[in-house]
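Report on one structure; see the data block that follows.
Keep in mind the model is a prediction, meaning the values are calculated, not measured.
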Amino acid sequence: MNLRVYKDSLFYGLSQVTNYRSEVWLTLFNKAVYLAGIIFFWSVIGKSSGGVSGVTSLLSYFLIANGVQGLVDAESLRFSRTMTAEIKQGGLNSHLLRPLNPVLFMYFSFLGGRGIVTIMTIVLMAVGWIFLPQVAWWQVLLFGFSLIFAFVISFVINLFVGCTSFWTSEASNLQNVVSHFVRIFSGVMIPISFFSPLVKNILLLSPFPALAYLPSMILQSKSITSEIWLVFGSALFWSVILLPLSFWFWRRGLKQYEAIGI
């Protein structure tokens, strides 16, 4: 595998984003307004709840959760939208003719195009860390592992949703549904600790908490709880199962591909 090709696609995507600076700033402004509304709402709710409570704690939680979800592209599933555009417009043809993995090539190019947004998500997480009283070395280590799981699970979800474009021209509707589903059940809008015990236990066994709730709670917790181990085990399980399954789904979709392009 020629890693230089994927590196070049990453920097090519980064160079393209400079052509749409106003769109980038508008996206950042929308994100700031969204975060302000969420934090204000849950800071009021948190005062009377036994879950993630307190204004400082909620600020840290939502800043880190939104930062992680934006970093791994689980917020709006933008990579799946990129795949949909390539499939519907025939741009995938040129990738298939090259001696490389078309999925990874598109993904690295996509990551490069999100260069500025990625920096801003890192800033969000850094600000969230400021509100934490103290962070131990084991929290930093587990946080790093949780980011790896978040990247894998987000990539898998994007790949599954994007591949539906091989069978239908209305994949954007599914993208919107899955995006809202992820926002709710990953803990980025509503901390999972606010759900009822039954719903919470079910969600902890799903892959969604790894996208926001797990990284945030690792930095919030003072010790490694059974809940953290449970979500870690669930994230590992779903990563091992869904990653090869998503590439199988991609290969199945290629058999349906009939686009005409250069």
- Begin from the C-alpha positions of Val135 and Leu219 and carry the test side-chain contact (heavy atoms from CB on, under 4.5 Å) through to its verdict. CA-CA 7 Å; Val135 179; Leu219 298 179; 4.1 Å; yes
- Connected via hydrophobic side-chain network under 4.5 Å: Val177 and Phe249: no
- Query: Quick one: CD1 on Ile192 to CG on Leu214, what's the gap to the nearest 0.5 Å?
  - Reply: 9.5 Å
- Message: Could you check whether Tyr213 and Phe208 have their ring centres less than 6.0 Å apart?
- Response: no
- Leu147 side chain near Phe143 side chain, heavy-atom distance below 4.5 Å: yes
- Report yes if the side chains of Val161 and Thr84 come closer than 4.5 Å at any heavy-atom pair, otherwise no. no
- Note on the structure: Minimal heavy-atom distance between Ser223 and Ile228, with the atoms involved, is O-CD1, 4.0 Å
- Could you walk me through whether Tyr61 and Leu132 pass the side-chain contact (heavy atoms from CB on, under 4.5 Å) check? CA-CA 9 Å; Tyr61 176 86; Leu132 295 171; over 6 Å; no
- Item | Shortest non-hydrogen contact between Ser186 and Gln69, atoms and distance | OG-NE2, 2.7 Å
- So, Ser179 versus Glu75: side-chain donor-acceptor pair below 3.5 Å or not? no
- I would like to know whether Phe155 and Leu242 meet side-chain contact (heavy atoms from CB on, under 4.5 Å); could you show each step before the answer? CA-CA 10 Å; Phe155 173 79; Leu242 295 180; over 6 Å; no
- Quick one: ring pair (Phe, Tyr, Trp, His ring centres under 6.0 Å) partners of Phe232, sequence neighbours excluded? Phe149
- What is the minimum heavy-atom distance between Gly162 and Ser80, and which atoms define it? N-CB, 3.7 Å
- Item | Sequence neighbours excluded - side chain to side chain donor-acceptor pair (under 3.5 Å) pairs with any residue from residues 135-145 | none
- Note on the structure: Residue set satisfying side chain to side chain contact (heavy atoms under 4.5 Å, CB included) with Phe166, at least two apart, ordered chain then number -> Ile87, Leu92, Cys163, Trp250, Leu254, Gln256, Tyr257
- Query: Between Thr225 (side chain) and Ser221 (backbone), is there a donor-acceptor pair under 3.5 Å?
  - Reply: no
Check: residues 199-207 side-chain donor-acceptor pairs under 3.5 Å, at least two apart:
from, atom 1, to, atom 2, distance (Å)
Lys200, NZ, Glu227, OE1, 2.9
Asn201, ND2, Pro197, O, 3.1
Ser206, OG, Leu203, O, 2.6

- Val240 meets the side chain to side chain contact (heavy atoms under 4.5 Å, CB included) criterion, sequence neighbours left out, with Leu236
- Note on the structure: The reported gap from CG in Leu77 to CD in Gln175 (rounded to nearest 0.5 angstrom) is 7.0 Å
- Query: What are the two closest non-hydrogen atoms of Val68 and Ala150, and how far apart are they?
  - Reply: CG1-CB, 4.3 Å
- Take the angle between the ring planes of Tyr107 and Phe79 and call it parallel below 30°, perpendicular above 60°, tilted in between. perpendicular
- Query: Could you go step by step and tell me if Phe105 and Phe110 meet the side-chain contact (heavy atoms from CB on, under 4.5 Å) rule?
  - Reply: CA-CA 9 Å; Phe105 183 83; Phe110 166 79; over 6 Å; no
- Atom CD1 of Ile64 and atom CG of Leu71: how far apart are they, to the nearest 0.5 Å? 12.5 Å
- Message: Per the side chain to side chain donor-acceptor pair (under 3.5 Å) rule, what does the pair list look like for residues 233-248, sequence neighbours excluded?
- Response: Ser234-Trp238
- Message: How long is the straight-line distance from CG of Asn93 back to CD of Glu86, given to the nearest 0.5 Å?
- Response: 9.5 Å
- Is there a donor-acceptor contact under 3.5 Å linking the side chains of Arg81 and Ser76? no
- Message: Looking at every non-hydrogen atom in both residues, tell me the closest pair between Ser154 and Asp73 and how far apart they are.
- Response: OG-O, 3.0 Å
- Task: Could you grab the distance from atom CG of Asn158 to atom CD1 of Ile153, nearest 0.5 Å is fine?
- Result: 12.5 Å
- Pairwise distance CD1(Ile184) to CD1(Ile190) - rounded to 0.5 angstrom: 6.0 Å
- Could you pull out the closest heavy-atom pair between Ala210 and Val231, with the gap in Å? N-CG1, 4.4 Å
- Message: With a sphere of 6.0 Å drawn around CZ of Phe151, does it hold more than 12 non-hydrogen atoms of other residues, nucleotides or ligands?
- Response: yes
